[in-house]
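Worksheet: the structure to be examined is printed underneath.
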Amino acid sequence: MIDTLKDPDAGPQAAGRSPSFDLQQLIRMYDFTGKTVVVTGGTGVLGASLVSALAGCGAQVAILGRNLEAGKQVLESLGSRAAQTALFACNVVDRASIEDAARQVLQRFQQVDGLVNAAGGNAPEATTSADRSFFDLPAEALRQVFELNLLGTVLPCQVFGRLMAQQGRGVILNYSSMSALRALTRVSAYSAAKSAISNFTQWLAVHMAQEYSPEIRVNALAPGFFLTQQNQFLLTDRDTGALTTRGEAILAHTPMRRFGEPDDLLGAALWLLSPASAFVTGTVVAVDGGFSAYSGV
C-alpha cells in the first residue's frame with residue numbers, strides 16, 4: 001500500500017515498479033471510513049482526544065470505560081460525529097466484562113479493525129513520598145496499579161486480538177510511558193507496570209505476526225509528561241496549582257520546556273493505526289518533547 005513512497009534514488013528496478021509520490025494516496029491512508037476502532041480508557045483526557053480524532057477521520061469508534069457519565073460527555077463533545085461512535089460499559093481488568101463489551105461492539109459495528117489500550121493510571125497510595133517509604137507501600141495499592149495498567153492491557157489484547165487473529169488483520173496500539181524508558185523516582189509500581197507493557201508490546205507483535213498474520217501489527221506510544229488526573233498531584237500543588245519541585249525538574253529536563261497537550265499524541269497515534277505504518281510493528285514511540293533524548297548536559 002505504500003509502494004509509492006519508495007526512495008526515488010533507488011531506481012525503478014530496485015523497487016520493482018516506477019517510483020512516484022501520490023499525495024491523494026497518502027491522504028487516503030488516514031481516512032478511517034469503514035474501520036472500527038475500540039478505545040479503552042476513551043473517557044480519560046488522552047483517550048478522549050484520540051476518540052475525537054478517529055471520529056474526525058471517519059472511523060467508527062467504540063469507547064470502552066467504567067465512567068459512563070464521562071463517556072456521555074465525550075459523545076456530546078463530538079457533535080454530529082457521535083452518530084458513528086458508541087459507548088460501552090467495560091472493566092478492563094475483568095475478562096467477562098471485556099468479552100461482553102466485545103459482543104456488543106460486534107453487534108453494533110460487525111467488525112473490529114483496531115484496538116487502543118489507553119486505560120491506565122497511577123495511585124497516590126502506590127507512590128513514595130516524605131510520609132510513605134517504598135517499604136511501606138501497601139500491597140493492595142501496588143496490585144491495583146499493576147492490574148489497571150498491565151492486566152488492563154493484556155486482557156483486551158486477548159479478547160480483541162482473538163478477533164483479529166480470526167480475520168487475519170488488525171492493529172493494536174498500547175500506551176506505555178516515559179517511566180518505562182527512563183527511571184523516574186517515586187512511581188515504582190507505575191514504572192514497573194509500564195515497562196512490562198513495552199515488553200509485552202514487543203512480544204505480542206512477534207507472536208501475532210508469526211502465529212497468525214503479518215497483517216496484525218502491535219505498537220505502543222510512550223507519552224512524556226502530560227497533566228492528567230492521575231499525575232496532577234505529583235506535578236502541581238493541590239492548593240495553589242503551582243508547579244511542584246518535581247514538575248519544575250521535569251520541565252527543566254524537557255528540551256521543549258512544556259508539558260504535552262493531548263493533541264500532541266494524535267500524529268503518532270494515527271500514524272501507528274493507519275496503513276502509513278504498514279511495515280512498523282513491535283516498536284514503542286516516544287512523544288515526550290525530547291525528554292528521553294536529553295542527558296541533562
Side-chain angles (χ1 to χ4, degrees), residues 41-53 65-74 76-77 118-149 152 175-195 221-269 286-297:
T43 61
V45 174
L46 302 183
S49 177
L50 182 55
V51 166
S52 179
R66 291 187 296 177
N67 190 338
L68 297 184
E69 286 303 315
K72 292 176 183 177
Q73 293 178 12
V74 173
E76 291 175 0
S77 71
N122 194 25
E125 297 79 8
T127 304
T128 62
S129 66
D131 301 321
R132 184 185 297 111
S133 75
F134 165 74
F135 309 108
D136 298 319
L137 296 179
E140 184 56 37
L142 297 174
R143 188 176 295 109
Q144 175 189 350
V145 174
F146 292 151
E147 289 188 353
L148 175 59
N149 291 281
Y175 272 47
S176 182
S177 169
M178 193 49 45
S179 63
L181 303 181
R182 303 292 295 269
L184 304 179
T185 60
R186 301 186 62 185
V187 289
S188 59
Y190 183 76
S191 296
K194 288 298 188 179
S195 296
L221 293 178
F225 294 89
F226 294 69
L227 283 176
T228 65
Q229 292 179 340
Q230 287 83 5
N231 69 10
Q232 190 171 6
F233 70 94
L234 282 173
L235 305 182
T236 60
D237 185 88
R238 293 180 186 273
D239 299 321
T240 67
L243 289 176
T244 61
T245 301
R246 185 183 184 85
E248 292 175 347
I250 287 169
L251 289 189
H253 201 88
T254 302
M256 295 185 72
R257 289 295 189 270
R258 67 177 177 87
F259 294 121
E261 298 289 339
D263 288 356
D264 290 328
L265 288 174
L266 298 182
V287 183
D288 64 352
F291 184 93
S292 60
Y294 183 41
S295 68
V297 178

How long is the gap from [atom1] on [X] to [atom2] on [Y], to the nearest 0.5 Å?
{"X": "Leu68", "Y": "Gln73", "atom1": "CG", "atom2": "CD", "answer": "11.5 Å"}
{"X": "Tyr294", "Y": "Met256", "atom1": "OH", "atom2": "CE", "answer": "15.0 Å"}
{"X": "Ser176", "Y": "Leu181", "atom1": "OG", "atom2": "CG", "answer": "6.0 Å"}
{"X": "Thr236", "Y": "Leu227", "atom1": "OG1", "atom2": "CG", "answer": "6.0 Å"}
{"X": "Leu184", "Y": "Arg246", "atom1": "CG", "atom2": "CZ", "answer": "6.0 Å"}
{"X": "Thr43", "Y": "Glu69", "atom1": "OG1", "atom2": "CD", "answer": "11.0 Å"}

For [X] versus [Y], what's the shortest heavy-atom pair and its separation?
{"X": "Ser179", "Y": "Ser195", "result": "O-OG, 4.1 Å"}
{"X": "Pro255", "Y": "Gly289", "result": "CD-O, 3.3 Å"}
{"X": "Ala252", "Y": "Arg257", "result": "O-NH1, 3.2 Å"}
{"X": "Phe226", "Y": "Leu46", "result": "CD2-CD2, 3.9 Å"}
{"X": "Ala123", "Y": "Thr127", "result": "O-OG1, 3.0 Å"}
{"X": "Lys194", "Y": "Ser177", "result": "CG-CB, 3.5 Å"}

Next item on the list: Return the set of residues passing ring-ring contact (aromatic ring centres under 6.0 Å, His included) with Phe259 (not counting sequence neighbours), or none when no residue passes.
Entry: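 ring-ring contact (aromatic ring centres under 6.0 Å, His included) list for Phe259, sorted by chain: empty.
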_Lys/Arg N to Asp/Glu carboxylate O, Asp264 vs Arg258, below 4.0 Å_ =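 Yes.
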Any side-chain to backbone donor/acceptor pair from [X] onto [Y]? Under 3.5 Å, distance only.
{"X": "Thr244", "Y": "Leu235", "value": "yes"}
{"X": "Asp136", "Y": "Arg132", "value": "no"}
{"X": "Asn149", "Y": "Gly121", "value": "yes"}
{"X": "Lys72", "Y": "Asn67", "value": "no"}

Checklist entry - Taking the side chain as C-beta and beyond, is there a heavy-atom pair between Pro223 and Val287 under 4.5 Å? => result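 In short, these two side chains do not touch, never coming nearer than 4.5 Å.
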- Item | Criterion side chain to side chain contact (heavy atoms under 4.5 Å, CB included) against Phe225, the qualifying member of Leu251, Asp288, Ile250 |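 The option that passes is Ile250.
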- What do the steps show when you test Leu265 against Ser49 for side chain to side chain contact (heavy atoms under 4.5 Å, CB included), and what is the final call? CA-CA 9 Å; Leu265 288 174; Ser49 177; over 6 Å; no
Q.
Would you say CZ of Arg182 has more than 12 non-hydrogen atoms from neighbouring residues, nucleotides or ligands within 6.0 angstrom?
A.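 Result for CZ/Arg182: enclosed.
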